[in-house]
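Step one of this worksheet: look at the structure below.
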Amino acid sequence: MKKGSGLLSIVYLLSLSLFFVGCGGDDPTTSEEETQLNKLKSTWTLQSVNNDGNDRTSEYPGMTLTISGTFTSGGTYNYSSTATDWPSVSPWKAIDTWKFKSDAVSSSVVRLIDLIEMNYLLTNSDNTLSLTFDYPDTGTGFNNGRTETVKGKWTFTFSK
């Protein structure tokens with residue numbers, strides 16, 4: 001009898017060990033928002049800038065983007081950007097706060113200074129970040145030169 005219960009105990013312990021090993025490291029309590037924030041939080045280096053089919057990368061030499069913040073559900077997070085030169089007129093705000101779009105956490109954020117919705121895409125094992133947004137032709141409040149130079153569809157692509 002002792003031999004049987006000893007063998008049963010070993011089988012039980014092995015089964016329990018395999019169960020815990022098979023569980024992996026994913027935390028089932030991590031929300032989609034927290035998961036996405038963790039993917040985005042980093043310092044990113046600019047690879048390209050496109051405005052309505054025109055390459056405008058040279059206007060943002062040496063640009064980096066740092067995304068930061070501490071997760072809170074529905075929270076507001078930060079970004080800051082630096083470059084060795086910056087265009088005098090730009091749809092990109094150097095420093096701002098943002099939040100995830102509530103119904104599209106895995107693909108969209110809202111820049112809070114002007115409420116511009118930015119679609120984002122992570123590729124290359126989450127090492128490439130593309131941010132695409134439409135900058136409006138607002139008319140009032142902008143001189144014609146500024147509106148003409150920044151309106152349209154923009155895509156900023158960064159890498160880690």
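Values below: every heavy atom of this structure, side chains too, minus hydrogens, waters and symmetry copies.
Aromatic rings of Y79 and W92 (six-membered ring for Trp) have centroids within the 6.0 Å cut-off, being under it.
In this structure W154 satisfies the side-chain hydrogen bond (donor to acceptor under 3.5 Å, both in side chains) test with no other residue, sequence neighbours excluded. Judged as a side chain to side chain contact (heavy atoms under 4.5 Å, CB included), and not counting sequence neighbours, the contacts of D52 are K153. In this structure S48 satisfies the side chain to side chain contact (heavy atoms under 4.5 Å, CB included) test together with T57, T157, sequence neighbours excluded. Shown here are the side-chain hydrogen bond (donor to acceptor under 3.5 Å, both in side chains) partners of K101, two or more places apart in sequence or in another chain: E117. Listed by chain and number, the residues in a side-chain hydrogen bond (donor to acceptor under 3.5 Å, both in side chains) with T97 amount to none (sequence neighbours excluded). Checked against side chain to side chain contact (heavy atoms under 4.5 Å, CB included), S106 has the following partners two or more places apart in sequence or in another chain: E32, Q36. Under the salt bridge (Lys or Arg N to Asp or Glu O under 4.0 Å) criterion, D134 pairs with no residue at all, not counting sequence neighbours. With sequence neighbours excluded, the residues that form a side-chain hydrogen bond (donor to acceptor under 3.5 Å, both in side chains) with T155 are T132.
At a cut-off of 3.5 Å, with distance as the only test, no side-chain donor of W98 or T76 sits close to an acceptor on the other residue.
The CD atom of E33 lies 9.5 Å from the OG atom of S102; values are rounded to the nearest 0.5 Å. One distance of note links CG of L131 with CD1 of I116; it measures 13.0 Å at 0.5 Å rounding.
In this structure, the side chains of V49 and N51 stay at 4.5 Å or more apart for every pair of heavy atoms. Side chains of N127 and S159 form no contact here, defined as non-hydrogen atoms less than 4.5 Å apart. Contact check for L122 versus L40: side-chain heavy atoms found under the 4.5 Å cut-off. A 4.5 Å side-chain heavy-atom check between F158 and S130 finds every atom pair outside the cut-off. The shortest distance between side-chain heavy atoms of N119 and F133 does not fall below 4.5 Å.
Across K39 and K160, no two heavy atoms sit closer than the pair O-NZ, 3.8 Å. Contact between V150 and Y135 at its shortest, heavy atoms only, is O-CB, 3.5 Å. Nearest heavy atom pair, residue V109 against residue F100, reads CG1-CD2, 3.9 Å.
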Hey, can you pull the donor-acceptor pairs under 3.5 Å for the side chains in residues 61-73, sequence neighbours left out?
| from | atom 1 | to | atom 2 | distance (Å) |
| --- | --- | --- | --- | --- |
| T64 | OG1 | T82 | OG1 | 2.9 |
| T66 | OG1 | T43 | OG1 | 3.2 |

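Taking a 4.5 Å side-chain heavy-atom cut-off between Ile, Leu, Val, Met, Phe, Trp and Tyr, the cluster of V110 extends to L112, L115.
Panel note: side chain S108, backbone A104; no donor-acceptor pair is recorded below 3.5 Å.
Sorted by first and then second residue, the ring pair (Phe, Tyr, Trp, His ring centres under 6.0 Å) pairs involving residues 32-68 (not counting sequence neighbours) are Y60-W86, Y60-F156. Each salt bridge (Lys or Arg N to Asp or Glu O under 4.0 Å) pair with one or both residues in residues 58-84, not counting sequence neighbours, appears once here: R56-E59.
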